[in-house]
Amino acid sequence: MPLTLEATSPSLQLPWEPSSRKMTSTLLAIVARILSGASVRWIDCQPDTVQRVYFANHTSHLDSIVLWASLPSHVRALTRPVAAKEYWEKGAVRRFMARTFNAMLIDRKDIKVHQSPVDMILGQIGQKYSVILFPEGSRNAEEQIQTFKSGLYYLAKKRPDLELVPVHIENLNRVLPRGEFLPVPLLSLVTFGPPMYLEQGEAKNDFLTRARDAVKRLKDL
Amino acid sequence: MFDVRTLSLVGGVLAILLVATSLGQRLKYSRDIGINPALVEAFNLRIRAWWLMCTVLAAAFLLGPASRVATVIVFFLISFWALREFITLTPTRLGDHRALFWVFIVFTPLQYLIVVLGVETYGLLFSVLIPVYAFLFIPARVAMAGDYKRFLERVAKIQAGLMICVYCLSYAPAILSLQIPGFEGQQARLLFFFVLLVQLNDVLQFAWGKLLGRSVIAPAISPSRTWEGFLGGVASTSLIGAALWWATPFDVWQAAGISAVIAVMGFAGGMTMSAIKRDRGVEDYGTLVVGHGGVLDRIDSICFAAPVFYHLTRFLFVAP
């Protein structure tokens, strides 16, 4: 079986669905913002509909929703988070939410050499969508940001035109920690940083370290 | 419901706010008068917070029969937000998560539900729910989570947050259900009087400190709080309180005395919250909320003054 992605490309939608979906997605975004108490900062970066890769530190299952909800609605409509399939396919509520925020669900257990997640993501975003991803792979329990997996590098290499926007998410791990299912409504902070690109001839590890530092640096700004 | 006294009180406040707002704007755009722009900015932010407070309180008062419930809900939301800020800046561990869930989702709404139902009817539960039942529940729930590291410290922090942000603040809307003979239906004005005096006291202490301040009380905690500012603030707040006696059930002397107590408690609240902020190494509780001071920074003095104001008024006027 090839790597599976949720088939939610908008062309498959029925004609009356987009408007109702727009409403539910706006509603979900508002609830996510209120629940996570997220304030949003843009540092040397502006919200834009150009194709981007938002990459962030991963500390909570809420990360993808809250980051997505932090974007202005016209950008949000064109942005799709990459999320873990085994989590977001579990139960009707999560499935509904994943559909609403237009997630690309990736099965982490079923990654094949010839069907890399990078190709699947590129196929899904086409020339239109931006994507949210978490290069650490799994959520980390510690404060430290783990080393980045190589997906971001290959994405940048195959599509050098994509703007790579580092994002730092603070305190969401306390709102919904690993293994908990009920959130505690504390306050969190989402910081968008200046876009970066893969430099000419930059080695994979150098690039991944630079990308990780770009996220880390936003914490203290 | 809006009698002459309420109208004069609210009208007076609106007039003062209008003057203060125009003064703030004038200062903002006249650069060459030698006043620190940061000070002007802080002044303008504070005025904005007052407009918000005033509008919300007035709107809640204007709802007629539903106004008491609406006011309690407003204070519930303020408590909830202040508690978010408090706990956000307090390091907690994974083991505290479930206890925190109870604190936010059960104890905080329950305390305000009691205020809605009537503090006079459910007085005992109102006064013990958080200081006794939540006090006992929190350490037990944290212990069940199985993490003993810095146990007492973590528990104490959650308890302190709940006591200050929720329990103490809930005494402010509780004023609305005080049964004062001859003052029925006018408690909203008393609440307004209380909030007004606490806020005025904040400003007066700051202003006196700027004008005459020499001896700083505790430099490590707050370099701007001086004995001169404190005493000047207490004196002038008492004078203003006495001058506003007609808005309250008090006579002139009682109004002056109670205002002095409000001023002292307001000072205590500001000082205590500054100490907590210093310990956490932040300027404002709203550090995670960009561009605003926190809610807790605006209400710290109300939290400390409310229980004492409530008890004094009750002691003086409500038959036991």
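Please read these numbers as outputs of a predicted model, since none were measured by experiment. The sequence lines fix the lettering, A, B, ..., with proteins before strands; numbering per chain opens at 1.
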* Within residues 96-105 of chain B, which positions have a heavy-atom distance to chain A below 4.5 Å? -> B/H97, B/R98, B/L100, B/F101, B/F104

* With a 4.5 Å heavy-atom cut-off (strictly below), which parts of residues 70-77 of chain B touch chain A? List them by number. => none

* Do you know which two heavy atoms are closest between B/T92 and A/R174, and how far apart they sit? -> OG1-NH2, 3.1 Å

* Asked: Looking only at heavy atoms, which two atoms of A/L187 and B/E85 are closest? And how far apart?
  -> CD1-CG, 3.6 Å

Decide if atom [atom1] of [X] counts as having more than 12 heavy atoms of other residues, nucleotides or ligands within a radius under 6.0 Å.
X      : atom1 : value
B/Y122 : OH    : no
A/Y197 : OH    : yes
B/L136 : CG    : yes
B/F137 : CZ    : yes
B/F151 : CZ    : yes

* **Partner residues of A/F148 under the side chain to side chain contact (heavy atoms under 4.5 Å, CB included) criterion, sequence neighbours left out** => A/F55, A/P135, A/E136, A/I145, A/L152, A/L208, A/A211, A/R212, A/V215

Contacts table for residues 50-57 of chain B: side-chain donor-acceptor under 3.5 angstrom, sequence neighbours left out:
{"unit_1": "B/W50", "atom_1": "NE1", "unit_2": "B/Q199", "atom_2": "OE1", "d": "2.8"}
{"unit_1": "B/W51", "atom_1": "NE1", "unit_2": "B/T21", "atom_2": "OG1", "d": "2.8"}
{"unit_1": "B/T55", "atom_1": "OG1", "unit_2": "B/W51", "atom_2": "O", "d": "2.5"}

* **Between OG on residue A/S36 and CZ on residue B/R84, distance to nearest 0.5 Å** => 7.5 Å

* Do any N or O atoms from the side chain of B/T88 and from the backbone of A/L186 form a donor-acceptor pair under 3.5 angstrom? -> no

